[in-house]
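What follows is a single structure, written as structure tokens, with notes after it.
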There are 2 protein chains.
Amino acid sequence: MQFSARLTMATHILLAADYFSGEVRTTSEFLAGSVGTNPVIVRRILGQLRNAGLITVEQGIGGVSLAKDPSEISLLDIYNAVEKKEETIFHFHENPNGACPVGGRIHELLDDELERVTKCMEKELSDIKLSALADKIPKGKE
Amino acid sequence: MQFSARLTMATHILLAADYFSGEVRTTSEFLAGSVGTNPVIVRRILGQLRNAGLITVEQGIGGVSLAKDPSEISLLDIYNAVEKKEETIFHFHENPNGACPVGGRIHELLDDELERVTKCMEKELSDIKLSALADKIPKGKE
DNA sequence: ATAGTTGTAACCGTATTAGTTACAACTATG
DNA sequence: CATAGTTGTAACTAATACGGTTACAACTAT
């Protein structure tokens, strides 16, 4: 199992939108060229990022702008925007036998532990800010 | 995106195999009754756990035994046995544009960060031992 | 009015998952 | 030795998700 490529694509899109802001119009076509995919894939991700309040998109004319400072956007924000649908990343089997000493307690045994693993992952993602990534890209001009 | 239910099912299976060891013959049919699934699903998971050296299975007669002490089996061992196929849990988009200042550096920017998140999750899973879970199940007899 | 763009629906091919049926190989037991 | 019960595995199914693609209405600067 793997997470979808939407997390890396969305991060790429945000970094490109930031990097090229004011320089070129960051249309879905342009961004798709950088990400190496289809403009519709980009627009779908833009929709998720917009719904999450991370960007604004100029309808009609085109162009993506960050809605927050890059230091206020973490990989967890992006992850939550494009990936998260369910409460937990660990899918529990649906019908453990409650009459069994093990089956009747399996949730009680595992739920908190798996929650802790999830929280740990989320914490780690939240520590990675877009600004830290953007700062590593040398700006040709300026 | 979610991990498959194989992790929780496999953990359930191992806990049941441990709990009922010496008491009843833990056949795939019996275990399937506790997990709430099909015996073949159980046998498929048993195959993965066996390949990982976590259990032995009595062919012909039936019955699952742990190959290690429960304190030596972690959720990471189980995860690696039943879930892990790829190197990373984060799927990177395949064709970032190398000619773009962002696309050309996106791996350099993200690979280490995502690796760190993965390692953190694995560390957390490795800290959860089967014995800690098994100890919380009251043994009716003894 | 026009050209370029966004937002979204619809569809495709591929892959994964849990579940199921089927069956050969194996093993203890009578 | 024959049998019953079991494992291991292949083959198939239905459901779901994913990246990709085509198409098109709605929007906007010029």
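Below, read A as the first sequence line, B as the second, and so on, with proteins coming before strands; counting in each chain starts at 1. Note that the structure is predicted; figures quoted are calculated from it, not measured.
- Residues satisfying the ring-ring contact (aromatic ring centres under 6.0 Å, His included) criterion with H91(B), sequence neighbours excluded, are absent altogether.
- Checking the phosphate oxygens (OP1, OP2) of dG19(C), a side-chain nitrogen or oxygen of T37(B) falls inside 4.0 Å.
- Listed candidates were dA18(C), dT6(D), dT6(C). Nearest to the side chain of V57(A) is dT6(C).
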At a cut-off of 3.5 Å, list every protein nitrogen or oxygen paired with a nitrogen or oxygen from nucleotides 26-29 of chain C, distance to 0.1 Å.
none

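- Checking dT6(C), dG19(C), dC18(D) against the side-chain heavy atoms of N38(B) singles out dG19(C) as nearest.
- Remark: P of dA15(C) and CD of Q2(A) are 14 Å apart, rounded to the nearest angstrom.
- Listed by chain and residue number, K68(A), D69(A) satisfy the side-chain contact (heavy atoms from CB on, under 4.5 Å) test with E72(A) (two or more places apart in sequence, or in another chain).
- For S74(B), the side-chain contact (heavy atoms from CB on, under 4.5 Å) partners two or more places apart in sequence, or in a different chain, are L76(B), D77(B), S126(B), K129(B).
- There is no side-chain donor-acceptor pair under 3.5 Å between E115(A) and T88(A).
- Contacts between residues 89-104 of chain B and DNA chain C, defined by a heavy-atom separation below 4.0 Å, involve no residue at all.
- Counting only residues at least two apart or in different chains, ring-ring contact (aromatic ring centres under 6.0 Å, His included) contacts with residues 98-130 of chain A comprise F92(A)-H107(A).
- Regarding E29(A), its CD atom lies at a distance of 17 Å from the P atom of dA3(C), rounded to whole Å.
- Between R25(B) atom CZ and dA4(D) atom P the separation is 16 Å, expressed in whole Å.
- The interatomic distance linking L31(A) (CG) with dG4(C) (P) rounds to 18 Å, in whole Å.
- Only V40(B), I41(B), R43(B), R44(B), listed by number, bring a heavy atom of residues 39-55 of chain B to less than 4.0 angstrom from any atom of DNA chain C.
- OP1 or OP2 of dA17(D) has not a single side-chain nitrogen or oxygen of S4(A) nearer than 4.0 Å.
- At least one donor-acceptor pair under 3.5 Å links the side chain of E83(A) to the backbone N or O of S4(A).
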**OP:** Convert the base pairs of DNA chain D into dot-bracket notation, remembering that pairs crossing earlier ones are written with [ ] and that bases paired across to another strand are shown as |; include only Watson-Crick or G-U pairs under 3.5 Å.
**Re:** ||||||||||||||||||||||||||||||

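- Each of V64(A) and G36(B) was matched to the nucleotide of DNA chain C holding its nearest heavy atom; the match closer to the 5' end belongs to V64(A).
- Judged purely by atom type and a 3.5 angstrom limit, T26(B) uses its side chain to pair as donor or acceptor with the backbone of V64(B).
- In this structure, E122(B) pairs ionically with K84(B), as a charged nitrogen and a carboxylate oxygen lie closer than 4.0 Å.
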Side-chain donor-acceptor distances from residues 36-43 of chain A under 3.5 Å, at least two apart:
residue, atom, partner, partner atom, Å
N38(A), OD1, V40(A), N, 2.8
R43(A), NH1, S28(A), OG, 3.0

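- Residues forming a disulfide (SG to SG under 2.5 Å) with C120(A) (at least two apart in sequence, or on another chain): C120(B).
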Original post:
When you look at K123(A) and D127(A), which way does the salt bridge (Lys or Arg N to Asp or Glu O under 4.0 Å) test go after all the steps?
Top reply: CA-CA 6 Å; K123(A) 168 69 167 61; D127(A) 284 343; 2.8 Å; yes

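- The closest donor-acceptor contact from the side chain of K139(B) to the backbone of Y19(B) lies under 3.5 Å.
- Note on residues 61-81 of chain A: pairs passing ring-ring contact (aromatic ring centres under 6.0 Å, His included), not counting sequence neighbours, are F3(A)-Y79(A).
- Rounded to a whole Å, the CD atom of E83(A) is 12 Å from the P atom of dA17(D).
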Can you list, pair by pair, the side-chain donor-acceptor contacts under 3.5 Å of residues 51-61 of chain B, counting residues two or more places apart and other chains?
residue, atom, partner, partner atom, Å
N51(B), ND2, G47(B), O, 3.3

